[in-house]
Amino acid sequence: MTEDRNVINVGLLAAGMMGREHISYLLNYPNVRLKWICDPDSSSVEKALAILKDNNVEIPQVFTKERDMLESLHVQQELHLLVIATPNHLHTPQLIRWAQRPITILCEKPVAISEGQVAALRSHSPTFQADIWVAMEYRYIPAINKLLQLLPSIGPLKKIAIRENRYPFLNKIEQWNKDINKSGDTLVEKCCHFFDLFRLISNSEMKSCTTMVHRGLNWVNYGYHKRTDNPVPIIDSAYVLLDFDPLDQQQEGDQSDDELVPTGGSPEYHQLWKQSTIGCLELCMFAEGSRHQEEIVVTGLSGRLEAYLPENKVYFYQRPNEEEWSDRSVPPPRSAIKETIFDCSDLSHVYPSFGKDIPSHSGYHYCSTSIEWKHLIDQIRAKRDLGTFTPQVSLEDGIRAVEMGIHAMKNISNNKENSSLASNLEQSEQSIYPIEACCVAE
């Protein structure tokens with residue numbers, strides 16, 4: 001039988017919450033077929049199969065062991081796209097195994113959870129044959145993507161503030177996400193999304209950071225009090241202050257710093273004007289009921305952008321000029337403040353060329369996973385037609401975000417306070433890190 005070049009055969013490692021979110025979206029794209037699921041947990045598999053049955057989709061072959069799927073002749077001959085949605089500590093070893101094949105891999109964040117795993121990925125990546133795309137869904141959240149589109153409107157970027165105030169981590173299989181040796185701890189597990197956004201928004205690499213955290217405040221919520229293995233509790237809240245270095249090379253079409261410097265003023269003023277971007281990440285994992293779960297505020301020398309979720313709106317403020325605010329002995333008049341509001345709940349306002357074609361199911365990421373799938377499928381088809389695959393989130397992007405999280409945890413400044421987080425916990429931050437995570441799982 002001749003293979004249909006339009007068909008994309010998908011295999012899924014793990015059918016937990018994120019695995020099922022991917023299933024719910026891929027079903028809406030024509031010629032994308034889920035043919036294999038691998039998960040040792042029967043309840044997760046049953047929930048995944050229920051989604052397929054509700055949509056009258058052919059039931060895929062189910063494996064309970066990854067090795068059986070890896071060695072399956074049908075998988076070896078027919079797999080086009082592998083989705084890795086397993087617990088975090090398995091991502092690196094699974095990438096190393098599967099990326100030796102000429103397939104496409106969509107790997108959930110984080111791609112690694114420790115310095116050892118990062119080193120393993122960098123060591124093995126020259127041998128990879130697979131095209132790898134890292135699932136950073138927050139890039140595609142409509143309000144956040146609109147903010148990215150509007151960045152040129154606010155002039156040279158100087159400040160980035162990202163805040164997430166939310167409910168505690170949800171229950172996962174065997175509560176792996178509350179175990180630092182399986183999750184990488186919160187600043188890697190949760191916040192690699194945000195560190196990726198800092199890099200994307202600033203167009204820069206982090207130069208330095210300092211961190212303050214609370215650990216163990218969700219002690220009862222996470223069931224630590226019932227355990228007998230004296231676990232190190234994960235981080236529940238944090239502030240991370242960041243400083244960025246500008247990239248050596250501007251993106252094509254960008255103005256250089258010298259072109260943007262205002263006329264007049266001394267050379268000293270010009271140097272002050274060109275100071276680097278600084279950022280602040282605020283995280284609170286015990287803030288159910290917050291008006292906004294996520295907030296991103298970006299301030300340039302010409303204006304300001306504010307994105308709010310789940311409101312899914314972006315607010316653009318333009319700074320008044322001298323004519324609009326002539327009397328500087330009093331605050332600017334209300335008429336001088338220009339506000340524009342972008343409602344991103346209508347995807348066609350954010351993605352005019354394809355917004356109306358995106359499936360409306362919102363999942364846990366405001367429909368961003370579906371948008372991610374649209375771009376991924378486009379690149380798979382481009383590889384077939386043109387021989388080129390360009391991931392919007394590369395393996396290197398995924399690694400850099402993890403490295404920022406690791407660096408933030410290595411620079412926790414309130415160590416003494418965190419050395420007595422619970423009555424029987426004696427570890428200091430220095431003894432908690434570095435996390436020892438396997439590089440090649442069995």
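None of these values were measured; they are calculated from a predicted model. The first residue of the sequence shown is numbered 1, and numbering continues consecutively from there.
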Is the closest basic N to carboxylate O distance between Glu396 and Arg122 below 4.0 Å? yes
Can Arg215 and Asp236 be said to form a salt bridge (charged side-chain N to carboxylate O under 4.0 Å, His left out), step by step? CA-CA 5 Å; Arg215 188 187 294 280; Asp236 295 314; over 6 Å; no
In terms of side-chain heavy atoms, does Trp133 have a donor or acceptor partner in His375 at a distance below 3.5 Å? no
Salt bridge flag under 4.0 Å for residues Arg400 and Glu205: yes
Interatomic distance, Ser290 atom OG to Arg163 atom CZ [nearest 0.5 angstrom]: 8.5 Å
List the steps, then state whether side chain to side chain donor-acceptor pair (under 3.5 Å) holds for Arg304 with Thr299. CA-CA 4 Å; Arg304 178 181 176 96; Thr299 308; 3.0 Å; yes
Could you tell me whether the side chain of Ile358 reaches within less than 4.5 Å of the side chain of Tyr351, counting heavy atoms only? no
Go through the steps to decide whether Ile132 and Ser394 satisfy the test side chain to side chain contact (heavy atoms under 4.5 Å, CB included), and finish with yes or no. CA-CA 7 Å; Ile132 299 173; Ser394 67; over 6 Å; no
Evaluate the side chain to side chain donor-acceptor pair (under 3.5 Å) criterion for residues Asp179 and Gln175: first the C-alpha distance (whole Å), next the side-chain angles of each, then the deciding distance (0.1 Å), finally the verdict. CA-CA 7 Å; Asp179 183 340; Gln175 303 298 346; over 6 Å; no
Going from CE on Met285 to CG on Asn218, what distance comes out if it is rounded to the nearest 0.5 angstrom? 7.5 Å
Tell me yes or no: between the side chains of His22 and Glu108, is some donor less than 3.5 Å from an acceptor? yes
Any non-hydrogen side-chain atom of Cys191 less than 4.5 Å from a side-chain atom of Leu283? yes
Please report the C-alpha distance between Phe342 and Tyr315 in whole Å, then the side-chain angles of each, then the deciding distance to 0.1 Å, and finally whether the ring-ring contact (aromatic ring centres under 6.0 Å, His included) criterion is met. CA-CA 6 Å; Phe342 299 88; Tyr315 295 78; 9.4 Å; no
Cut-off 3.5 Å, side chains only: do Arg384 and His80 have a donor facing an acceptor? yes
Leu309 side chain near Ile141 side chain, heavy-atom distance below 4.5 Å: yes
Can a salt bridge be assigned to the pair Arg166 and Glu288 using a cut-off of 4.0 Å between side-chain N and carboxylate O? no
Any donor-acceptor pair under 3.5 Å from Asp39 side chain to Ala15 backbone: yes
Can you list the steps and then say if Tyr140 with Gln392 is a side chain to side chain donor-acceptor pair (under 3.5 Å)? CA-CA 11 Å; Tyr140 304 101; Gln392 293 188 0; 2.8 Å; yes
Among side-chain atoms of Tyr239 and Thr210, is any donor-acceptor pair under 3.5 angstrom? no
Tyr25 and Glu372: side-chain donor and acceptor closer than 3.5 Å? no
Determine, step by step, whether Lys374 and Asp378 satisfy the salt bridge (charged side-chain N to carboxylate O under 4.0 Å, His left out) criterion, reporting the C-alpha distance in whole Å, the side-chain angles of both residues, the deciding distance to 0.1 Å, and the verdict. CA-CA 6 Å; Lys374 192 270 180 195; Asp378 285 349; 2.6 Å; yes
Both conditions, 6.0 Å and 45 degrees, for the charged tip of Lys178 above the ring of Phe169: are they met here? no
Do Lys410 and Glu115 meet the salt-bridge criterion of a basic N to acidic O distance under 4.0 Å? yes
Hey, what's the ring geometry for Tyr138 with Phe194, parallel, tilted or perpendicular (30° and 60° as the breaks)? perpendicular
Test log, rule side chain to side chain donor-acceptor pair (under 3.5 Å), inputs Thr86 and Gln94: CA-CA 9 Å; Thr86 50; Gln94 288 170 340; 2.6 Å; yes
Less than 4.0 angstrom from a charged side-chain N to a carboxylate O is my criterion; do Lys338 and Glu324 meet it? yes
